[in-house]
> 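First the structure, then my questions, so here it is.
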Amino acid sequence: METDNLKATLEREFLEGLNDVQREAVLHDGGPLLILAGAGSGKTRVITHRIAHLIRVRDVPSRRILAVTFTNKAAAEMRERTETLVGPYGRDAMIRTFHSLGLQILRENASLLGLKSSFTVYDPAAQKSLAKKILKDLKVEAALLPPEAALNATERARERLLDPDSYAAETRKDPYHQSIAQFYREYHKRLREQQALDFSDLLYETVMLLQTNAQLLEMCRRRWQHLLVDEYQDTNHAQYRLVLLLAGGHRNVVVVGDDDQSIYSWRGADISNILNFEKDFPEAKVLRLEENYRSTPSILKLAASVIQNNSERREKTLFTNRPDARPPSFRLYQEEGEEARSVLSRIRELRSAGVRLNEIAVFYRTNAQSRIFEQVFREANLPHTVFGGFRFFDRKEIRDLMAYMQVLVNPLDVENFERVLANPPKGIGEKTLESARFLAGTTGIPYLEALRQLAVKPGFRGAKPINAFLANYERWTDLNESGERPSVILKTLIEESGIVEYYRKEDDPESVSRIENMQEFATALADYEDRAGAENREVDIAEFLQSVSLYSSESDPDLEEEDRQGVHLMTLHNAKGLEFRVVFFTGLEESLLPHRMSLEEGNLEEERRLVYVGITRAMEQLYLSACRFRRTGGSFDPRLPSRFLEEMGIQTRRERSYDEFDSSWSDSSRSYSERKVVSRPAPDSGSSALNLVPGDRIRHKSFGTGEIEDTEKTPAGTKLTIRFDDGTTRRFLDRYTPLERI
DNA sequence: TACGTACGTGTTTTT
DNA sequence: CACGTACGTA
């Protein structure tokens, strides 16, 4: 009786504040459920409340629940919010990313794959170094097939679950595609020889394992009786198959997503997974969450005006009952420095008006754009956090040390071995590495053994440094195998590898920070051990490296909370799933957004979704901006305002202040877009008429005199490369650049 | 042969 | 601007 009362109370608690559709989703009995959740419609809320409901009201043991997301950040948030609802009752719920789920299943069953559970997960650097060697061995010109392209193609194939044979079979017979097929075959072979997997393998091999091993599949289905998948619109084929496999028995699968927010097609995401859910599960119930709780009506309206231009989408209308606040605004700046300084001063105003800094975000399309904001904010002492750029674990000295640890765990890992042999420099160069590789490759002996044999080979001159290294390596291996604490091993490596001496150069502040980073790394590992120790878990190097490898490009797990202070700087891709009171959406320029590359790939609709994602992150205030000119690399190029601004009905003809814009825009966005008031800058206000050729002398009003070095016809006009007399080289589009012939 | 430096060249998004 | 390659020196 008492428990019934308790349950009723809990049930009410978990439904409180939810709308009818959200309640229906939480209460959904079982079986397949598709939730089409518009931006800001409370989907994370629905998922976490449903988990809470399952555990506390329906008595599902938390270890029977599996929730899958795409990013560690999202998983962490989901875990946190579940804990808020059910406290320790949710402790055993498995809330993870697809990749970490795969990794766990593979570790537990490595032997079924013919791998040791100590296998290595290659990071992009290791992948690339392996790819280069393979292409060289296959004698494929780098110009024909760059390593990145080869890797990209193989990863796409892997995501489609094509093994090298089926890939070769369906590949066109031109030399380019044949080279890729050949590459894929060799790449896969070498990864396995080196006891290594790459990111796409974590999904591919998991699917293969479950497909070929009925017993294991049955175990997984029994283990996870309820499956919840977030951001379903971003699943690739492998992830999709994984969901079908895991849900196959009980069919208790809830997927949540929004086709308008699919922004990862370039990573193999297939929007038809969400569009066809009802075909895969004909008995599926479909719910639509269309009430937005996040943004003001004018922000939502702006978002709708953009996204409605997409043709491939499920029509839906978001509405909100929130009161309107300050309408979104647009401002055009001269260059990115001005844009950044203006954002800074607006942030200062917001701060004095009581907005906390971590409620503010600055968005941009590419990571390179963060630089100017970091610089301006740093000079102004404005606290800020950059997401997704280079992080602690990406630093060279840290990666080097991780390679040292990695080869202690997996001596067959050639990529990390070569990194270790080359860093810090120890008298072992490219030629030696090549010989060892060749010896290992032709005789089939392990790389380490090849190195040993090379050192005693008559006539081989580079034996001394090899022997010195091997002696070190054996000592470190003994230390590891004697069960020494990982942090002690790391400290030993820092002291004995020569890495400190190498980086300790003169009074370079850079090298001081490198050495500090290494110490910090050792401390982080010691903390990790202590935390695991508190749970009575043994930590080995392999486990630590794994936990780091999956966090590679996200935030540093340790510095997380404290460092989250200040204004958030991030790419649009990083912004998905987050919300902020105030959003500065910067760099809305042609060739940046839509990005030139996407345009060439015919991916305009995805760029539009990116804009949609950006706009819908804003709760109260949204500031859009673009620049007339932008410095990229060495040159300073003119930019046109993004076509998406036109779609929003935003007037971009001349520079306007925020207030001017507010009054003219606020309530008439439609009529602007219908009249197409946006005009491009005059087609030619530059120097096209001069018909400049290499060798001509010119004068530029800002940069002085110089000589035309090169001209190149591009779709946008003729691109001039000018070498100025001060020695600098700059590139301009002739039609935008007034020049004087001298 | 190893390694540092000078130059030239191309530039999205990330688990 | 930052990375990768080509070259020159020890």
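These numbers come from a predicted model, not from an experiment.
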> Between atom CZ in F387(A) and atom P in dT12(B), what is the gap in whole Å?
23 Å

> Can you measure E434(A) atom CD to dT1(B) atom C1' for me and round it to whole angstrom units?
12 Å

> Expressed in angstrom and rounded to an integer, what is the separation of E374(A) atom CD from dC1(C) atom P?
14 Å

> I want to check one thing: is the phosphate of dT14(B), taken as OP1 and OP2, less than 4.0 Å away from some side-chain N or O of T571(A)?
yes

> At 4.0 Å (heavy atoms only), tell me whether S100(A) reaches a base, stays on the sugar-phosphate, or touches nothing.
nothing

> On DNA chain B, nearest-nucleotide positions of L203(A) versus K431(A): which is more 5'?
K431(A)

> Verify the distance criterion only: is there a donor paired with an acceptor across the side chains of S642(A) and E589(A) at less than 3.5 Å?
no

> Kindly say if N603(A) contacts the phosphate of dT12(B), meaning a side-chain N or O under 4.0 Å from OP1 or OP2.
no

> In this structure, how many angstroms lie between the P atom of dT14(B) and the CZ atom of F199(A), rounded?
13 Å

> Base, sugar-phosphate alone, or nothing: which one does K128(A) contact when heavy atoms must sit under 4.0 Å apart?
sugar-phosphate

> For H573(A) and dT13(B), do the ring centres fall under 5.5 Å apart while the planes stay under 30° apart?
no

> Do the rings of F199(A) and H99(A) sit parallel, tilted or perpendicular, given the 30° and 60° boundaries?
perpendicular

> With the threshold set at 4.0 Å, does a side-chain nitrogen-carboxylate oxygen contact exist between E159(A) and R267(A)?
no

> Looking for any heavy atom pair under 4.0 Å, which part of the strands does E601(A) touch: base, sugar-phosphate only, or nothing?
base

> Measure the distance from CG on N367(A) to P on dT13(B) and round it to the nearest whole Å.
5 Å

> Check whether Y612(A) forms a cation-pi arrangement with R609(A) (NZ or CZ under 6.0 Å from the six-membered ring centre, at most 45° off the ring normal).
no

> By nearest atom, which of the nucleotides dT12(B), dG4(B), dA2(C) is closest to the S598(A) side chain?
dT12(B)

> Across the strands shown, which category fits R596(A) at heavy-atom distances under 4.0 angstrom: base, sugar-phosphate, nothing?
nothing

> Distance check needed: dC3(B) P versus L421(A) CG, whole Å only.
11 Å

> dA2(B) phosphate, OP1 or OP2: any side-chain N/O from T432(A) under 4.0 angstrom?
yes

> Is any side-chain N or O of N574(A) closer than 4.0 Å to OP1 or OP2 of dT14(B)?
yes

> Report which part of the nucleic acid I428(A) touches: base, sugar-phosphate, or nothing (heavy-atom distance under 4.0 Å, all strands).
sugar-phosphate

> Between dG4(C) and dT13(B), how far apart are the P atoms? Round to whole Å, please.
15 Å

> Flag as yes if W266(A) stacks onto the base of dT13(B) (centroids under 5.5 Å, planes under 30°), otherwise no.
yes

> Starting at CG of D234(A) and ending at P of dT14(B), how long is that distance when rounded to a whole Å?
13 Å

> Pick the nucleotide of DNA chain B nearest each of A422(A) and S200(A); which residue has the one closer to the 5' end?
A422(A)

> Any salt bridge linking R630(A) with E339(A)? Criterion: basic side-chain nitrogen under 4.0 Å from a carboxylate oxygen.
yes

> Between R371(A) and dA2(C), is there a contact of a side-chain N or O with OP1 or OP2 at under 4.0 Å?
yes

> From CZ of F363(A) over to P of dT12(B), roughly how many Å is that when rounded to an integer?
21 Å

> Please classify the nucleic acid contact of E606(A) as base, sugar-phosphate, or nothing, using heavy-atom distances under 4.0 Å.
nothing

> Among the candidates dT14(B), dT12(B), dG4(B), find the nucleotide nearest to the side-chain atoms of Y502(A).
dG4(B)

> Does the gap between the ring centers of H568(A) and F363(A) come in under 6.0 Å?
no

